[in-house]
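What follows is a short report on a single structure.
None of the values given here were measured: they were computed from a predicted structure. The chain is numbered in sequence order, starting from 1.
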Amino acid sequence: MTIKFSKDHEWINAADANASVVGITVHAQDALGDVVFVDLPEVGKSFAQGEVAGVVESVKAAADVYMPVSGEVVEVNEALRADPSLANSDPLGAGWFFKVKLVDASQLDALLDEATYTEFAKNA
């Protein structure tokens with residue numbers, strides 16, 4: 001798996017450049033607590049790297065979901081919309097947020113690998 005992490009606590013699995021999967025990290029869902037609502041982006045909409053692409057709300061707070069790379073949203077996780085708790089129970093699996101077609105795969109190089117992100121999250 002080719003998973004990279006942003007300093008905004010999103011992950012992206014870029015194994016398939018036509019449909020890279022994006023979600024929030026375990027650290028993010030731990031910090032938020034029980035997720036009760038997700039606002040997912042519109043399919044077909046394009047975002048620049050770092051732009052707000054969605055919102056996740058928990059019993060404690062609301063947080064923006066940032067686009068880890070520039071691209072076009074090609075699919076959203078309707079199961080997550082129906083059951084936002086998937087972001088807590090399986091944030092790196094069934095709790096994914098959306099899939100994006102990358103504009104510039106080299107942007108992945110600026111993201112963190114798992115070990116670097118784990119160290120970063122300890123101090124976040």
Using the rule given for side chain to side chain contact (heavy atoms under 4.5 Å, CB included), can you reason through Val22 versus Val69, listing the C-alpha separation, both sets of side-chain angles and the distance that settles it, and then say yes or no? CA-CA 10 Å; Val22 177; Val69 293; 6.0 Å; no
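- The two residues Gly95 and Asn77 make their nearest non-hydrogen contact at C-ND2, 4.1 Å.
- In the hydrophobic clustering of ILVMFWY residues, with side-chain heavy atoms under 4.5 Å counting as a link, Met67 and Leu102 come out together.
- For residues 100-122, the set of pairs meeting the salt bridge (Lys or Arg N to Asp or Glu O under 4.0 Å) definition, not counting sequence neighbours, comprises Glu119-Lys122.
- Few gaps surround CD on Glu78; more than 12 heavy atoms of other groups in view lie less than 6.0 Å from it.
- Side chain of Trp11 to backbone of Ile24: a donor-acceptor contact under 3.5 angstrom is found.
- In plain terms, the two heavy atoms of Val103 and Gly71 that are nearest each other are CG2-CA, 3.6 Å.
- Val74 has its side chain out of reach of Asn18: every pair of non-hydrogen atoms, C-beta onward, lies at least 4.5 Å apart.
- Here the side chain of Asp8 pairs no donor or acceptor atom with the backbone of Pro68 at under 3.5 angstrom.
- For the pair Asn13 (side chain) and Ala15 (backbone), a donor-acceptor distance under 3.5 Å is present.
- Using a distance-only test at 3.5 Å, with no hydrogens or angles considered, a donor-acceptor pair links the side chain of Gln107 to the main chain of Ser70.
- Grouping the Ile, Leu, Val, Met, Phe, Trp and Tyr side chains by contacts below 4.5 angstrom, directly or via other members, places Phe97 apart from Phe5.
- By the rule that hydrophobic residues join a cluster once side-chain heavy atoms approach within less than 4.5 Å of another member, Trp96 and Val76 end up as members of separate clusters.
- When every heavy atom of Ala53 is checked against every heavy atom of Phe47, the shortest pair comes out as CA-CE2, 3.7 Å.
- Counting only residues at least two apart or on different chains, no salt bridge (Lys or Arg N to Asp or Glu O under 4.0 Å) pair has a member in residues 45-74.
- Side-chain contact, Tyr66 with Ser6: no donor N or O sits under 3.5 Å from an acceptor N or O.
- Note: His9 and His27 have tilted aromatic rings, judged against thresholds of 30 and 60 degrees for the angle between ring planes.
- Residue Ala87 comes nearest to Val35 through the heavy atom pair CB-CG2, 4.1 Å, listed as atom of the first residue, atom of the second, then distance.
- A continuous path of ILVMFWY side-chain contacts below 4.5 Å connects Val43 to Val65, so both sit in one hydrophobic cluster.
- By the rule that hydrophobic residues join a cluster once side-chain heavy atoms approach within less than 4.5 Å of another member, Leu92 and Ile3 end up as members of one cluster.
- Residue Gln29 holds its CD atom at 11.5 Å from CG of Leu86, rounded to the nearest 0.5 Å.
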Please step through side chain to side chain contact (heavy atoms under 4.5 Å, CB included) for the pair Leu112 and Lys7, ending with a clear verdict. CA-CA 8 Å; Leu112 309 174; Lys7 289 185 175 180; 3.9 Å; yes
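- A donor-acceptor pair under 3.5 Å is formed between the side chain of Asn88 and the backbone N or O of Gly33.
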